[in-house]
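Okay, so here's the structure we're looking at.
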Protein chains: 2
Amino acid sequence: MSIAEPLPIRDLQACCAPLTREPIDSAHAESLAKSLKALADPARLRLLSMVAAHADGEACVCDLTDPLGLVQSTVSHHVKVLVDAGYLTVSKRGTWHYYRLVPGALDAVSSLLTTV
Amino acid sequence: MSIAEPLPIRDLQACCAPLTREPIDSAHAESLAKSLKALADPARLRLLSMVAAHADGEACVCDLTDPLGLVQSTVSHHVKVLVDAGYLTVSKRGTWHYYRLVPGALDAVSSLLTTV
DNA sequence: TGTATGAATCGACAGATGTCGATGAAAGGA
DNA sequence: TCCTTTCATCGACATCTGTCGATTCATACA
């Protein structure tokens, strides 16, 4: 992640009250919107869900192309969006790249939306 | 909402486990993505936040144009997106339309993202 | 009836996004 | 050294999206 990138969602949570607690300012609205945009795609939601459900909680791109019904380059693109947004991490072993959920990342964005 | 519209988020919650509990199927991924897309815009996040913070928990379009820095037709567009997605309701009194948060709508989408 | 006000709709447009096929890069094995 | 496999990147394309100005609609009031 370059320095110009949006804050990953966990930093956002560390600083902010839930959306309805008080009016959100432009900068934080921008950050939260980016985090939500990364999530707001059916292929990426299924991808996240598949990674979470996969053996050992990790999966490679090749595990995902068939069940998603998408070409390798497209899956690679979606995975990159989720890594950049802070939802996935990658660990490389040989020619394989294994992706895994970042613990707490989904809970962080979730807690920003709650009203209670 | 026409019959062809996506399920509002509350129905989604009534039927589904959180994203990481088990692999989500295509149809539900599509629904959840639509609900998230409605939220994934800085202007709409600020709009929701302003409505929640406004006196009596409701606001009209004319209350929002100035603080958002957007033209009336644009605000009207964003409001419609949020109403269609089930986050806002409208009550019309004279020429004024007052928008208000749907109780529990944000909590519903939030709970679908939680992993715990 | 006519006018004023708040809001929805329409048409246009630039920019972002999801998808694909083709190519390139890195690592391992014959 | 060469081939294979896994993945990233690139270029192209159609579609979607956010924004605006102009118009239309509905309601209230003079």
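Keep in mind that what you see is a predicted model, and the values were worked out from it rather than measured. Quick note on labels: first sequence line is chain A, next is B, and so on, each numbered from 1.
For B:Ser76, counting side-chain heavy atoms from C-beta on, the closest listed nucleotide (C:dA7, D:dT9, C:dA27) is C:dA7. Of the candidate nucleotides D:dA8, C:dG21, C:dA7, C:dG21 has the atom lying nearest to any side-chain atom of A:Val71. Candidate nucleotides C:dA8, D:dC20, C:dG6 were compared by shortest atom distance to the side chain of B:Gln72, and C:dA8 ranks first. Among the nucleotides D:dC7, C:dA7, C:dT5, the one closest to any side-chain atom of A:Trp96 is D:dC7.
For DNA chain D, the neighbouring residues in residues 60-70 of chain A, judged by any heavy atom under 4.0 Å, are A:Cys60, A:Val61, A:Cys62.
Clustering ILVMFWY residues whenever any of their side-chain heavy atoms sit less than 4.5 angstrom apart, transitively, puts A:Val81 in a cluster other than the one holding B:Leu113. Linking ILVMFWY side-chain heavy atoms closer than 4.5 Å, directly or via other members, places B:Val51 and B:Trp96 in two distinct hydrophobic clusters. Hydrophobic clustering, with ILVMFWY side chains joined whenever heavy atoms are under 4.5 angstrom apart, groups A:Met50 together with A:Leu39. Cluster annotation: A:Tyr87 and A:Tyr98 are assigned to distinct hydrophobic clusters (Ile/Leu/Val/Met/Phe/Trp/Tyr, side-chain heavy-atom contacts under 4.5 Å, transitive).
In this structure, CG of A:Leu47 is placed 13 Å from P of C:dG18, rounded to the nearest angstrom. Whole-Å rounding puts the B:His97 NE2 to C:dA7 C1' distance at 6 Å. Look at OH on A:Tyr98: it is 10 Å from P on D:dT6, rounded to the nearest Å. For the pair B:Arg46 CZ and D:dT19 P, the computed distance is 10 Å after rounding to whole Å. A:Leu39 places its CG atom 16 Å from the C1' atom of C:dT17, with the value rounded to the nearest Å. Nucleotide D:dT9 holds its C1' atom 10 Å from the NZ atom of A:Lys80, rounded to whole Å.
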Between the protein and nucleotides 15-18 of chain D, which nitrogen or oxygen pairs come in under 3.5 angstrom?
residue: D:dG18; atom: OP1; partner: B:Arg44; partner atom: NH2; Å: 3.0
residue: D:dG18; atom: OP2; partner: B:Arg44; partner atom: NH1; Å: 3.4

List, with names and distances, any nitrogen or oxygen atoms from the protein found under 3.5 Å away from nitrogen or oxygen atoms belonging to nucleotides 10-13 of chain C.
none

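Going from atom CD of B:Gln72 over to atom NE2 of B:His77 covers 13.0 Å, rounded to the nearest 0.5 Å. Note that CG of A:Leu19 and CG of A:Leu32 are 6.5 Å apart. Values are rounded to the nearest 0.5 Å. In this structure, NE2 in B:His28 is found 12.0 Å from OG in A:Ser49, a value given to the nearest 0.5 Å. Going from atom OG1 of B:Thr114 over to atom CZ of B:Arg21 covers 9.0 Å, rounded to the nearest 0.5 Å.
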Just do the side chain to side chain contact (heavy atoms under 4.5 Å, CB included) check on A:Thr65 and A:Val71 with the steps written out, would you?
CA-CA 6 Å; A:Thr65 51; A:Val71 156; over 6 Å; no
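Between A:Tyr99 and the options A:Leu47, A:Leu48, A:Leu82, A:Val61, a side-chain contact (heavy atoms from CB on, under 4.5 Å) holds for only A:Val61.
A salt bridge is absent between A:Arg46 and B:Glu30: the closest approach of a Lys/Arg side-chain nitrogen to an acidic carboxylate oxygen does not fall below 4.0 angstrom.
One finds no side-chain N or O of B:Tyr99 lying less than 4.0 angstrom from the OP1 or OP2 phosphate oxygen of C:dG6.
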